[in-house]
Amino acid sequence: MPTTVQKWGNSLGIRVPKAVAEQTNLTDGTEVEFETSGGVLTIRPKHRRRKFKLADLLRQMKPRHRHGELQRDEPKGRELI
């Protein structure tokens with residue numbers, strides 16, 4: 001599927017054909033990364049870091065990974081135990 005590079009302000013723009021956008025899950029606002037090697041340009045969706053919630057991670061823990069409390073020192077002040 002050929003497309004044409006066009007001037008867009010001081011930059012160049014490439015229109016992504018609908019079929020290609022659908023195959024690669026590109027939508028309006030998707031961030032992309034560029035990579036060049038040997039004169040070849042590769043464009044790929046930017047991998048977003050997944051955000052984890054503590055509650056979700058704790059739900060995934062298996063009982064064998066849990067451990068009891070550790071106490072290495074005697075209380076130093078007015079700590080509640």
Side-chain angles (χ1 to χ4, degrees):
M1 285 179 208
T3 189
T4 304
V5 176
Q6 297 176 333
K7 186 140 177 79
W8 190 2
N10 290 330
S11 302
L12 297 175
I14 300 171
R15 288 186 182 250
V16 178
K18 182 179 178 181
V20 173
E22 288 173 348
Q23 290 173 11
T24 56
N25 295 321
L26 289 176
T27 59
D28 184 32
T30 301
E31 291 186 26
V32 294
E33 298 176 323
F34 297 96
E35 182 180 314
T36 59
S37 178
V40 174
L41 170 64
T42 302
I43 304 171
R44 67 175 49 95
K46 183 176 180 182
H47 294 296
R48 295 183 188 168
R49 291 188 173 184
R50 291 177 45 188
K51 294 184 180 180
F52 296 99
K53 293 183 180 177
L54 180 58
D56 295 336
L57 294 173
L58 291 174
R59 265 195 297 281
Q60 295 175 24
M61 279 185 60
K62 296 183 176 15
R64 68 177 183 268
H65 295 134
R66 296 182 187 186
H67 56 79
E69 291 185 30
L70 299 175
Q71 184 172 347
R72 299 178 188 260
D73 297 324
E74 294 297 318
K76 303 289 184 205
R78 298 186 312 195
E79 296 94 345
L80 298 176
I81 299 182

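As a basis for the values below, the full set of heavy atoms in this structure was taken, side chains included, without hydrogen atoms, waters or symmetry mates. Only a predicted model underlies this, so the values are computations on that prediction, with no experimental measurement involved. The residues of the chain are indexed from 1 along the displayed sequence.
- Residues satisfying the side chain to side chain contact (heavy atoms under 4.5 Å, CB included) test with Asp56, not counting sequence neighbours, are Lys53, Arg59.
- Looking at residues two or more places apart in sequence or on another chain, you find a side chain to side chain contact (heavy atoms under 4.5 Å, CB included) between Thr3 and Ile14, Arg15.
- Placement of Val32 and Trp8 in two distinct hydrophobic clusters is found when ILVMFWY residues are connected by side-chain heavy-atom separations under 4.5 Å, directly or transitively.
- In this structure, the side chain to side chain contact (heavy atoms under 4.5 Å, CB included) partners of Arg64, at least two apart in sequence or on a different chain, are Lys62.
- Taking Thr27 as the reference, Thr30 meet the side-chain hydrogen bond (donor to acceptor under 3.5 Å, both in side chains) condition, with sequence neighbours excluded.
- For Leu57, the side chain to side chain contact (heavy atoms under 4.5 Å, CB included) criterion is met by Phe52, not counting sequence neighbours.
- Both Val5 and Leu26 sit in one connected hydrophobic cluster of ILVMFWY residues. Membership requires side-chain heavy atoms under 4.5 Å apart, directly or through other members.
- In this structure a side-chain-to-backbone donor-acceptor pair under 3.5 Å is missing from Lys18 to Val20.
- Scanning for salt bridge (charged side-chain N to carboxylate O under 4.0 Å, His left out) contacts around Glu35 gives Arg44, with sequence neighbours left out.
- With side-chain heavy atoms closer than 4.5 Å counting as contact, directly or through intermediates, the hydrophobic cluster containing Met61 also holds Leu54, Leu58.
- In this structure, Glu33 CD and Ile43 CD1 are separated by 11.5 Å, a value rounded to the nearest 0.5 Å.
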